[in-house]
Amino acid sequence: MSFDVARVQADFPILKRQVHGKRLVYLDSASSSQKPVAVLDAMDRLYRESYANVHRGVYAISEEATAAYEGARARVARFLGAASPSEVVFTRNVTEAINLVAYSWARSHLAAGDVIVLTELEHHANVVPWHILAAERGVELRWVPLTDDFRLDTSNLGRLLDGAKLFAFSAASNVLGTINDVPALVDAAHAAGALALVDAAQFAPHRRLDLATWDADFVGITGHKMLGPTAIGALWARAELLDAMPPFLGGGEMIRDVRQDGFTPNEVPWKFEAGTMPIAEAVGLTAAVDYLEAIGMDAVAEHEVDLTAYALRALEDRFGDRITIYGPRSVEQRGATISFNFEGIHAHDISQVVDEHGVCVRAGHHCAKPLMRVIGVAATTRASMYVYNDEADVDALVEALAAAERFFAI
Ligand SMILES: Cc1ncc(COP(=O)(O)O)c(C=O)c1O
């Protein structure tokens, strides 16, 4: 089931470059992934051969561009296991997908006193839209806490969900690596009469996402973390929900008719796609999911489980008690994102020193400040791995961290 990582690496032109005279070791894929040549070529080809605005032209290249754009929707629908392409709305990213639900569904369904349940490990993208709504409408936010092992503590979930209208949670944490049991959480939401929104930004790139198994109501993904370009993401939602939701942004192809006294919205999914959409980016995303499925999502997962086990062992063996790793220890329940701190050294200082060794990691709050408060730190250093990483990258990280320790002389 595994694949040849060296062959995958050869497909990523950026991995051939050097930084500070060292081989580039990219360990920041949870933030944004690198792009294979297949994605770059697909976008380049569209711009060179078939580029025009979509839906509006009756000439050949506009029809080609429209076919490519709508083909991307069908491809993403197939990747997610959606029942129909019309359930897939293209957005700029997962942040916009969640905001679409917050502005369209939530504002037409929720009122003062209604409850939304979130979890303590959410990215700000799945927190701030609900804070804005709470301030505007008087909606109550409740939070599923974490266990000592950095998983969701679901022991009190029934009570938290009691009377809730929406349970919005991540499938996988961008800080802890924790992978949540999405079907069980969706079941709990439905049992309480709530809808379930899944932020799959950190799941879709790394594990097989099967909407039928999840049975959720809203799912957001973001292309740039799954080998695709920036500025393309998607909201999947049940057809009947999308049908009943009012438009979010106005203008462009989201109308069927516009008059002086009002407008009639288009059908889904176009009702939610205002203005000129990211056409080349949708084509790039198509190439990205083709690339991932050519490797095989099960093979991607297996590779990452093996690499995560190797990395956790290497970090613990080398640094022992001096390193604190935030996340589940069992590699079966976590992704390839590893957050850690060294006592007495700031995360930003660590990341700066390892950069001098060609190693790219991220330091900070990772847009998850409520989580940072829960785990009691202001920042962590985060190394996150993907299909193009191998054990040599982990070894380079460990050596660079050892150099940082020496530099700060602890
Ligand atoms: C879990 C999670 N949700 C949402 C986002 C936001 O992604 P985007 O900036 O692509 O909207 C991220 C990005 O790091 C993430 O990790």
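What's counted below: heavy atoms across the whole structure, side chains too, no hydrogens, waters or symmetry copies. First listed ligand is number 1; within each ligand, the first listed atom is number 1.
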Identify, with sequence neighbours excluded, every residue that meets side chain to side chain contact (heavy atoms under 4.5 Å, CB included) alongside Arg137. Arg107, Leu133, Val139

Near ligand 1 (heavy atom, under 4.0 angstrom), the protein residues are Ala30, Asn93, Val94, Thr95, His123, Ala125, Asn174, Asp199, Ala201, Gln202, Thr222, His224, Lys225

Closest non-hydrogen atom pair, His206 against Glu304: ND1-OE2, 2.8 Å

Is the Phe150 ring parallel, tilted or perpendicular to the Tyr326 ring (thresholds 30°, 60°)? perpendicular

Can you say whether the rings of Tyr69 and His55 are parallel (under 30°), tilted (30 to 60°) or perpendicular (over 60°)? perpendicular

Any salt bridge between Asp290 and Arg78, counting N to O under 4.0 Å? no

Quick one, Leu401 and Phe340 - any side-chain contact, counting heavy atoms below 4.5 Å? yes

